[in-house]
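The next block holds one structure in the form of structure tokens; read it before the comments.
Worth knowing before you read on, the calculation uses all heavy atoms, side chains too, and leaves out hydrogens, waters and symmetry mates.
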Protein chains: 2
Amino acid sequence: MALASREVSPARFSAQIRSHALQTRIMELILEQGLDVGDALPTESDLSAELGVGRNTVRESLKVLQALGVIEIRHGFGMFVAPNNFSALVSGLTFRGRLSLRHKGEEAMELIDVRQALESGLIGSAIDLMTAEHLADLRTTMEAMEAAAAKGEPLAEHDAEFHRRLYAPLNNELLINLMDVFWQVYRQIHEALGSGPVNLEEQARVHWDIYDAVEKKDKALASERLQRHFDGIRLKLKDVASR
Amino acid sequence: MALASREVSPARFSAQIRSHALQTRIMELILEQGLDVGDALPTESDLSAELGVGRNTVRESLKVLQALGVIEIRHGFGMFVAPNNFSALVSGLTFRGRLSLRHKGEEAMELIDVRQALESGLIGSAIDLMTAEHLADLRTTMEAMEAAAAKGEPLAEHDAEFHRRLYAPLNNELLINLMDVFWQVYRQIHEALGSGPVNLEEQARVHWDIYDAVEKKDKALASERLQRHFDGIRLKLKDVASR
DNA sequence: TACAGGAGATGGGACGTCCAATGTCCAGAG
DNA sequence: CTCTGGACATTGGACGTCCCATCTCCTGTA
């Protein structure tokens with residue numbers, strides 16, 4: 001990590017800078033005009049005229065903003081300031097992860113590490129803030145997961161829901177979104193590579209263990225069991241990557 | 001491959017799905033052809049022909065992939081699989097943060113929460129893995145920060161560098177990138193709102209405190225001081241947002 | 001050998017044209 | 001009067017063409 005300065009030709013990114021500038025101008029325009037989530041943007045033609053660039057160019061920027069979750073584009077209707085949406089990251093990160101799996105799956109593993117750090121780092125606060133209602137929600141999710149496991153259905157959705165609800169007490173939408181992103185990336189990578197044999201009951205049991213620890217408000221135990229959960233995921237990933 | 005299911009997509013998001021599909025096709029193409037970081041993609045014209053869509057359309061997708069950090073586009077030369085790059089998230093997150101700051105600054109605060117959770121949750125592992133060399137790097141950064149503070153220069157860069165190096169031992173690039181993103185977003189939001197009076201010496205001192213705890217390998221103390229650091233940031237943000 | 005500059009390739013961008021999806025609104029049926 | 005269906009305007013989606021801007025590489029000259 002000694003290399004502090006990556007060699008960069010000065011003009012090498014001029015084009016990127018220009019197009020990034022256009023995106024920024026559009027965002028500034030939204031902010032300056034006081035538009036809020038759900039409000040409509042000017043039409044493509046208007047923007048094109050207002051910004052003094054061709055419609056194609058403005059469209060490229062708009063597509064980027066859409067991909068970044070800044071705006072929502074609805075064919076035949078208009079463009080609107082988008083509600084919080086991090087699905088953008090999923091594509092990029094998934095690509096990254098899959099690309100890395102060609103080598104040793106390092107990046108995919110890093111992703112799990114970050115997820116683990118976030119979750120086991122925050123479980124304590126989540127337990128502190130957890131109400132009976134939150135706990136009931138969590139239990140409901142677990143029961144659904146168990147039922148799905150018994151029927152041999154995939155647990156993916158229930159798994160995601162469990163983690164979402166586990167941290168709902170923190171009332172931190174950014175966190176939920178981030179964890180969702182990580183989770184989706186993991187799932188997509190796993191899907192793309194074809195999952196090995198999965199033990200649904202085992203999966204459900206691990207989650208029940210976590211739930212029990214949370215119910216008992218035993219932070220240390222919950223944290224440790226989360227760690228175990230992620231260790232399992234890591235192992236699965238390593239197995240897939242080594243093929 | 002190219003599935004013939006060109007059936008009607010009556011969904012409200014058919015357009016989004018179509019354009020997302022194109023992006024995915026390009027990424028699949030990269031993965032299938034075994035391209036690695038730095039390798040060149042086909043030219044825009046080739047892609048346009050190969051994918052059976054117009055050049056403008058393919059360009060829109062390519063711009064998105066560029067924004068997502070998947071590819072790097074160099075004017076007059078070609079397009080290449082990009083090295084890890086998270087600058088994309090910065091735009092989206094910054095916009096989000098500024099949008100929310102107009103109201104209550106919730107999301108900016110959430111961002112701090114996530115950062116705090118990540119950092120104070122991972123400081124333990126970082127300390128475990130920290131070598132003498134890492135520590136020396138950290139100290140160098142601190143000395144630079146102190147010098148800057150003495151000269152009345154802004155500490156922003158040194159601050160970022162400190163946090164980067166603090167977690168370098170984990171050898172997790174994704175984590176470093178994420179923290180960088182958060183830091184940049186925070187800084188941009190702060191800039192956009194105009195920062196209040198800052199006490200440079202105080203800022204440097206807080207970081208020295210953290211450094212001392214790390215040097216002593218006192219995980220609990222380091223974690224606590226990190227918490228204090230973020231509490232300070234949170235306070236500053238609240239102050240700015242309330243004006 | 002070194003440097004300047006041209007050639008060729010490639011992305012950047014602008015229009016213009018037409019297609020497709022969506023919401024609105026009005027006419028006509030009941 | 002109410003409801004329904006279709007015409008219509010609006011707006012984004014896509015494509016083709018043309019030309020410009022920029023880069024790398026190679027050639028030729030000093």
Just the table, please: protein N/O against nucleotides 4-6 of chain C N/O, every pair under 3.5 Å.
none

Pairs under 3.5 Å (N/O, protein and nucleotides 7-11 of chain C):
| residue | atom | partner | partner atom | Å |
| --- | --- | --- | --- | --- |
| C:dG11 | OP2 | B:E44 | N | 3.0 |
| C:dG11 | O4' | B:G76 | N | 3.4 |
| C:dG11 | N2 | B:H75 | NE2 | 3.1 |
| C:dG11 | N3 | B:H75 | NE2 | 3.1 |

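Counting only distance, with no hydrogens or angles, the side chain of A:S100 and the backbone of A:G97 share a donor-acceptor pair below 3.5 Å.
Distance, A:E72 CD to D:dT11 P: 17 Å, rounded to whole Å. A:E60 has its CD atom 8 Å from the P atom of C:dG12, to the nearest Å. Nucleotide C:dT17 holds its P atom 14 Å from the CG atom of A:N56, rounded to whole Å. Atom pair B:L51:CG and D:dA14:C1' shows a separation of 14 Å (rounding to whole Å applied). What separates CD1 of A:I17 from P of D:dC23 is a distance of 11 Å, to the nearest Å. Atom pair A:Q66:CD and D:dT11:P shows a separation of 18 Å (rounding to whole Å applied). Atom CG in B:L47 sits about 16 Å away from atom P in D:dA14, given to the nearest Å. If you measure from atom CG of B:L62 to atom C1' of C:dG13, you get 15 Å, rounded to the nearest angstrom.
A salt bridge links A:R98 and B:E28; the closest N-O separation between the charged side-chain nitrogens and carboxylate oxygens is under 4.0 Å.
Legend: side chain to side chain donor-acceptor pair (under 3.5 Å) pairs involving residues 37-46 of chain A, not counting sequence neighbours, sorted by first then second residue: A:T43-A:D46, A:E44-A:R55, A:E44-A:R59. Sorted by first and then second residue, the side chain to side chain donor-acceptor pair (under 3.5 Å) pairs with a member in residues 171-183 of chain A read A:R164-A:D180; sequence neighbours excluded.
Ring to ring, A:Y186 and A:H190 are close: their centroids are under 6.0 angstrom apart.
More than 12 heavy atoms of other shown residues, nucleotides or ligands fall within 6.0 angstrom of atom CD in B:Q33.
When each of A:E161, A:R165, A:E146 is paired with A:T141, the side-chain hydrogen bond (donor to acceptor under 3.5 Å, both in side chains) condition holds for A:R165 and for no other.
Judged as a salt bridge (charged side-chain N to carboxylate O under 4.0 Å, His left out), and not counting sequence neighbours, the contacts of A:E143 are A:R139. Here A:D137 pairs with nothing under the side-chain hydrogen bond (donor to acceptor under 3.5 Å, both in side chains) rule; sequence neighbours left out.
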